[in-house]
Amino acid sequence: MIVIATPTGQIGRQVLEAVSADGTAVRVIARDPSRLPAPIRDRVEVVEGSTADAGVVTKACVGAESVFWLAPPDPQASSLPRHIVNFTLPLCEAIASQHVQRVVAVSSLGRSVAKNAGQISAVFAMDSLIESTGVSYRSLQAPGFMENLLWQTAPLKEQGVFYAPGSAEHKTPSVATRDIAAVAADLLLDESWRGQENVPLLGPEDLSYNDMARIMAEVLARPIRFQQIPAEAYKASLTEHGMSEAWAQGLVDMAAAVDAGIYDAEPRSTRALTPTSFQQWCEEILKPAV
């Protein structure tokens, strides 16, 4: 039995599709089961409720060998650490009481160098809590998701511009969520691995925002440019749109950490490469969205 948290989320949905395709026994934790696609809902077991509810998580983990875990974002959270802890302690309790053997979770690059890195630092607390149970664990250490650009489809379409507080020329890795999901699914279906390891996922290339603008312009067949915005203006925009002070500050701190090189701590290796290039992602995902 494989348990999947956040089965309707960006990554969890793709993990669910992959692991349920061949008849593997799958159980999901879902606040709203109606959001599950009907064909998948008919072939998986559903535990309705929140991953922050210890009773729900324990019920979902009865008889489970492997769990896919991802702490969902909460833009209204008043505290980043408290948000992560509240979503991780129920899993730790279930690991102990139900003797879960393996956990695969989505984390971030930069664990060895992270300091005051907002959401990145917070997610490393999740890693530490899960590891403290002694369960066999794979921490999928990803950089920024290519899909984050989908939040900017409106300015891309209407103005030919996208915004971020980072510098225009700093090259960083990025990864498509489908590649994260593919690695997670492979690990969940593999019953042979043991121990605790980090699994870096670096995408095939490092790109700057200006590089991304050039590629998007080519794919979309229209001028696209990147516009850096001051951190203060970025935070103000986030809070004006209803985000909590803590969550907005976390995103500001995370952007500063990325610009300072937190993703550069992991050297590129064949093991860390994922297949989807930014140009391919733009052609297959961004272009239809825009």
Side-chain angles (χ1 to χ4, degrees), residues 4-7 9-12 14-15 29 50-52 57 67-95 102-133 135-148 151 166 172-177 179-181 183-184 187-188 196-203 238 243-266 272 274:
I4 297 176
T6 63
Q10 190 167 238
I11 298 175
Q14 297 177 89
V15 174
I29 304 171
S50 168
T51 49
V57 178
V67 174
F68 172 75
W69 197 256
L70 190 157
D74 181 3
Q76 277 72 55
S78 59
S79 165
L80 295 181
R82 189 180 308 120
H83 167 69
I84 291 294
V85 168
N86 286 345
F87 273 95
T88 307
L89 286 182
L91 173 64
C92 295
E93 292 177 17
I95 289 170
R102 291 172 295 277
V103 175
V104 178
V106 178
S107 184
S108 173
L109 288 171
R111 189 175 180 184
S112 63
V113 297
K115 291 182 179 179
N116 192 31
Q119 280 79 350
I120 292 176
S121 293
V123 80
F124 294 146
M126 175 195 74
D127 286 325
S128 296
L129 285 169
I130 296 174
E131 288 169 347
S132 72
T133 68
V135 72
S136 291
Y137 183 50
R138 292 295 181 270
S139 171
L140 306 185
Q141 301 199 327
F145 305 158
M146 296 177 190
E147 276 76 3
N148 291 342
W151 291 100
T172 63
S174 62
V175 65
T177 58
D179 292 343
I180 301 173
V183 172
L187 286 166
L188 291 166
Q196 299 179 342
E197 291 184 12
N198 299 325
V199 181
L201 305 173
L202 295 177
L238 296 174
M243 194 171 289
S244 73
E245 170 77 17
W247 201 265
Q249 185 60 52
L251 291 176
V252 169
D253 293 340
M254 181 171 69
V258 171
D259 213 34
I262 192 171
Y263 289 160
D264 303 333
E266 180 65 41
T274 52

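We number each residue from 1, following the sequence as shown. All values derive from a computational prediction rather than experimental measurement.
Looking only at side-chain heavy atoms (C-beta outward), L109 and P200 come within less than 4.5 Å of each other. No side-chain heavy atom of R138 sits less than 4.5 Å from a side-chain heavy atom of V183. Contact annotation: the side chain of V106 approaches that of F68 to within less than 4.5 Å [non-hydrogen atoms, C-beta and beyond]. Annotation: side chain of L187 is in contact with side chain of L140 (closest heavy-atom distance under 4.5 Å). With contacts defined as side-chain heavy-atom distances shorter than 4.5 Å, the pair W247/L238 does not qualify. Looking only at side-chain heavy atoms (C-beta outward), T51 and L91 stay at 4.5 Å or farther from each other.
Proximity of a side-chain donor or acceptor of S244 to a complementary backbone N or O of A77 within less than 3.5 Å is detected. The backbone N or O of L251 lies less than 3.5 Å from a partner atom in the side chain of Q119, making a donor-acceptor pair. Checking side-chain atoms of Q196 against main-chain N and O of E131 turns up a donor-acceptor pair under 3.5 Å. Using modelled atom types, no side-chain atom of T6 and backbone atom of G9 make a donor-acceptor pair closer than 3.5 Å. Listed for the S128 side chain is a donor-acceptor partner under 3.5 Å among the backbone atoms of F124.
Nearest approach of S50 to V57, heavy atoms of both residues: O-CG2, 4.3 Å. L129 and S132 get closest at one heavy-atom pair: O-OG, 2.6 Å. The shortest non-hydrogen separation linking A246 to S78 is CB-O, 3.3 Å. Closest approach of P90 and N86 over heavy atoms only: CD-O, 3.2 Å. Heavy atoms only, all atoms of each residue included: L80 and G118 are closest at CD1-C, 3.8 Å. Between P143 and V175, the shortest heavy-atom contact is CD-CG1, 3.8 Å.
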Practice task
Evaluate side chain to side chain contact (heavy atoms under 4.5 Å, CB included) for S174 paired with Y263, printing each intermediate quantity in order.
Solution key: CA-CA 9 Å; S174 62; Y263 289 160; over 6 Å; no
Exercise for the section: Just do the side chain to side chain contact (heavy atoms under 4.5 Å, CB included) check on D264 and V113 with the steps written out, would you? Expected result: CA-CA 10 Å; D264 303 333; V113 297; over 6 Å; no
Practice task
Decide side chain to side chain contact (heavy atoms under 4.5 Å, CB included) for I120 and V258; before the verdict, give the C-alpha distance in whole Å, the side-chain angles of both, and the deciding distance to 0.1 Å.
Solution key: CA-CA 10 Å; I120 292 176; V258 171; 4.1 Å; yes
Practice task
Start with the C-alpha distance between F145 and I180, add both sets of side-chain angles, then the distance that settles side chain to side chain contact (heavy atoms under 4.5 Å, CB included), and finish with yes or no.
Solution key: CA-CA 9 Å; F145 305 158; I180 301 173; 3.4 Å; yes
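With values rounded to the nearest 0.5 angstrom, M243 atom CE is found 10.0 Å from D74 atom CG. The distance from atom CG of L202 to atom CD of Q141, rounded to the nearest 0.5 Å, is 10.0 Å. With rounding to the nearest 0.5 angstrom, the CG atom of D127 is 4.5 Å from the CZ atom of R111. Taking CE of M254 as the start and CD1 of I262 as the end, the distance is 10.0 Å to the nearest 0.5 Å.
A side chain to side chain contact (heavy atoms under 4.5 Å, CB included) with S107 is found for exactly one of V199, V123, L201, namely V123.
T177 and Q10 share no donor-acceptor pair across their side chains, judged by distance under 3.5 Å alone.
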